[in-house]
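Written below as structure tokens is the structure these notes are about.
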Amino acid sequence: MMQTIVDFLNGLVWSSPLVYGLLAVGLYFSLRMRFFQIRHFKEMIRLMFQGEKSPVGISSFQALAVSLSGRVGTGNIVGVATAIYIGGPGAIFWMWLIAFLGAGSAFVESTLAQIYKQNEDNQYRGGPAYYIEKGIGGKFGKIYAAVFALVTILATGFLLPGIQSNSIAGSMTNSFTMPHWVIGAILVVLVGLVIFGGIKSIANVATAVVPFMALVYVFVAIIVVIMNIQEVPAMFALIFKSAFGMEQQFGGIIGAMIAIGVQRGIYSNEAGQGTGPHAAGAAEVSHPAKQGLVQAFSVYVDTLFVCTATALMILMTGMYNVSDGDGGLLVDSGVYQETPGGEQNVEGTVAYTQAGLDKAFSGQDTFQAGFVGFGSYFISFALLFFCYTTILAYYYIAETNLVYLTKGRWPIVKTLLGVLLIGSVFYGTINSAGLAWDMGDLGVGLMAWLNVIGILILQKPAIAALKDFEKQKKEKGSGKYAIYSPDPATVKSADFWHVDYPKRLKEEKEYNMNYGDDER
């Protein structure tokens, strides 16, 4: 019954208007900002390591790490496998395209989060709910923002965490003889130890884990490419030919290919979805466009680096199946994952990547369910770290929207949210993967619909912020010295930039005049 309801709702939410609309919006923003994702590529990297932070805000790099912890998760490993299963190798091209174009959406939403952020309980809070209410204004803006906040709490506090824990349980079961409920119990403890420490605690864990694990993961993929270097030209030819229906074997599933490529791409990199802006709004920067550029770069890291690494490991080793859309298989490599009920699941799961690495490093030419090699162990631990930090990011996002709705009152509700999320994590480890993914897709789709409409309405201040940043960068010789001073008549309700930040700059100037930089 539940599966039927979820399938029906997903059919409505993930209809063609959303799939092609996300591509169109990303292209629109890229054109309006003259493909800033290419022009400012070097600036993105420089700003990422700029060390601005305060007792209230976190640094750009910490915000990037928190954002990446939400982006780099099961979507980068299991999501890629699912995309290949449903859409074939060509789905990877559409994931690349939505990442490149989605950088435009990521910039706009993250810059808006900075423009309209505010200080609540001695930390910055920002995100779609805040910029929708302040940017649109009036009763409609408040109602729209409240709807987004409620949907986001439901999605990130209940629907999405189970997908991450489900993937962890699946990979651990493939590698270790450990019951699903034991894995769930361990995750409950690990998550509970961190989420109640707030954004600083989550940022510290994300900063320590995500960059290191992502680099190691990509490094292993590079080794696989080198080991199969002769296959590289044919593999990329297969991806591009399949993407445009020129590969006869996959010509009949091109519609499903585009849809799943965009869907899994959005699930993975979250561009336009509305989750990334929450971490962006928590950062301490002197100009909103700085964090917008950093967050745009995180889309590259997620999809063009980590997702591509997964695709290479799967496609180059041939350890994948492709559905024909009617219950059969166009490609059957015999790869499967055992479900909690003991059934063989041939769909796109973590088993694809594990089997691919086992073939590359252990010489397993055919899939053997009982074999556990380097690939199985490595992917299990990679998923554990990626998905664990993603769950932490989900809690922060849900908490931010809860704080928005309650205005910081009734602290007990944050504890209840944590208990709900932990329950979702445990349930996900013992639940079927199919239902978990479908429920997650529903949450992602609802958020994307609400947020994309919001950023289209509110795009003007974000695009103006980029132009202002570019102007100051040219005048001052570096974007490092850019300071945001919006016109109150043009950018209304940006209280932090109209009052709080100018006051801080004045106090710092007076301090330096009285005591000098050396004493400080």
Side-chain angles (χ1 to χ4, degrees), residues 72-86 88-89 91-92 164 166-180 183 213-232 234-235 238-239 305-323 329-340 342-388 429 433:
V72 180
T74 188
N76 299 82
I77 299 177
V78 182
V80 172
T82 305
I84 291 172
Y85 170 76
I86 295 175
I92 303 305
Q164 307 296 326
N166 184 277
S167 296
I168 293 173
S171 67
M172 286 293 178
T173 302
N174 288 350
S175 305
F176 307 96
T177 55
M178 188 181 298
H180 284 246
I183 299 169
M213 200 64 227
L215 286 173
V216 172
Y217 190 78
V218 173
F219 178 71
V220 170
I222 291 172
I223 294 176
V224 174
V225 171
I226 294 173
M227 292 171 67
N228 298 272
I229 195 69
Q230 70 279 0
E231 305 291 336
V232 172
M235 185 199 62
L238 178 64
I239 291 174
F305 298 159
V306 183
C307 283
T308 299
T310 301
L312 294 177
M313 289 187 280
I314 293 173
L315 295 177
M316 296 190 80
T317 56
M319 288 295 178
Y320 62 93
N321 308 316
V322 179
S323 170
L329 295 174
L330 293 174
V331 176
D332 184 0
S333 298
V335 187
Y336 68 86
Q337 177 175 295
E338 189 172 303
T339 68
E343 300 173 351
Q344 293 184 2
N345 179 15
V346 300
E347 299 177 2
T349 65
V350 66
Y352 286 18
T353 319
Q354 288 179 314
L357 281 182
D358 281 339
K359 178 179 179 180
F361 290 101
S362 304
Q364 298 297 307
D365 290 331
T366 58
F367 178 74
Q368 298 178 27
F371 181 82
V372 179
F374 169 79
S376 298
Y377 290 125
F378 176 75
I379 295 300
S380 292
F381 284 106
L383 258 182
L384 173 63
F385 287 118
F386 286 155
C387 295
Y388 173 60
T429 61

Considering all heavy atoms, the nearest [X]-[Y] contact:
{"X": "Q164", "Y": "C387", "answer": "OE1-SG, 3.3 Å"}
{"X": "A83", "Y": "A91", "answer": "O-CB, 3.5 Å"}
{"X": "A360", "Y": "M227", "answer": "O-CE, 2.8 Å"}
{"X": "L330", "Y": "S323", "answer": "CD1-O, 3.7 Å"}
{"X": "V335", "Y": "A355", "answer": "CG1-CB, 4.3 Å"}

Do the side chains of [Y] and [X] get nearer than 4.5 Å, heavy atoms only?
{"X": "M316", "Y": "V232", "result": "yes"}
{"X": "M235", "Y": "L312", "result": "yes"}
{"X": "Y336", "Y": "V346", "result": "yes"}
{"X": "V224", "Y": "F361", "result": "yes"}
{"X": "S376", "Y": "D358", "result": "yes"}

Rounded to the nearest 0.5 Å, what's the gap from [atom1] on [X] to [atom2] on [Y]? Could you check?
{"X": "L383", "Y": "Q354", "atom1": "CG", "atom2": "CD", "result": "7.5 Å"}
{"X": "E347", "Y": "T82", "atom1": "CD", "atom2": "OG1", "result": "8.0 Å"}
{"X": "T310", "Y": "I379", "atom1": "OG1", "atom2": "CD1", "result": "6.5 Å"}
{"X": "I92", "Y": "I84", "atom1": "CD1", "atom2": "CD1", "result": "4.0 Å"}
{"X": "F378", "Y": "T353", "atom1": "CZ", "atom2": "OG1", "result": "10.5 Å"}

(request) Consider only side-chain N and O atoms of T317 and E231, and report whether a donor and an acceptor are under 3.5 Å apart. (result)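 No, no side-chain donor-acceptor contact under 3.5 Å.
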
(request) State which residue, out of L329, V331, I86, fulfils the side-chain contact (heavy atoms from CB on, under 4.5 Å) condition with V322. (result)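 The residue from L329, V331, I86 that satisfies side-chain contact (heavy atoms from CB on, under 4.5 Å) with V322 turns out to be V331.
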
(request) Hey, can you tell me if Y217 and F386 have their rings parallel, tilted or perpendicular (30° and 60° cut-offs)? (result)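 The rings of Y217 and F386 stand perpendicular, inter-plane angle above 60°.
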
(request) May I ask you to check whether Y320 and Y352 place their ring centers less than 6.0 Å from one another? (result)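 No.
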
(message) For the backbone of S333 and the side chain of N321, can you confirm whether one donor and one acceptor N or O come within less than 3.5 Å of each other?
(response)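 Indeed, once roles are kept as given, a pair shorter than 3.5 Å links the two residues.
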
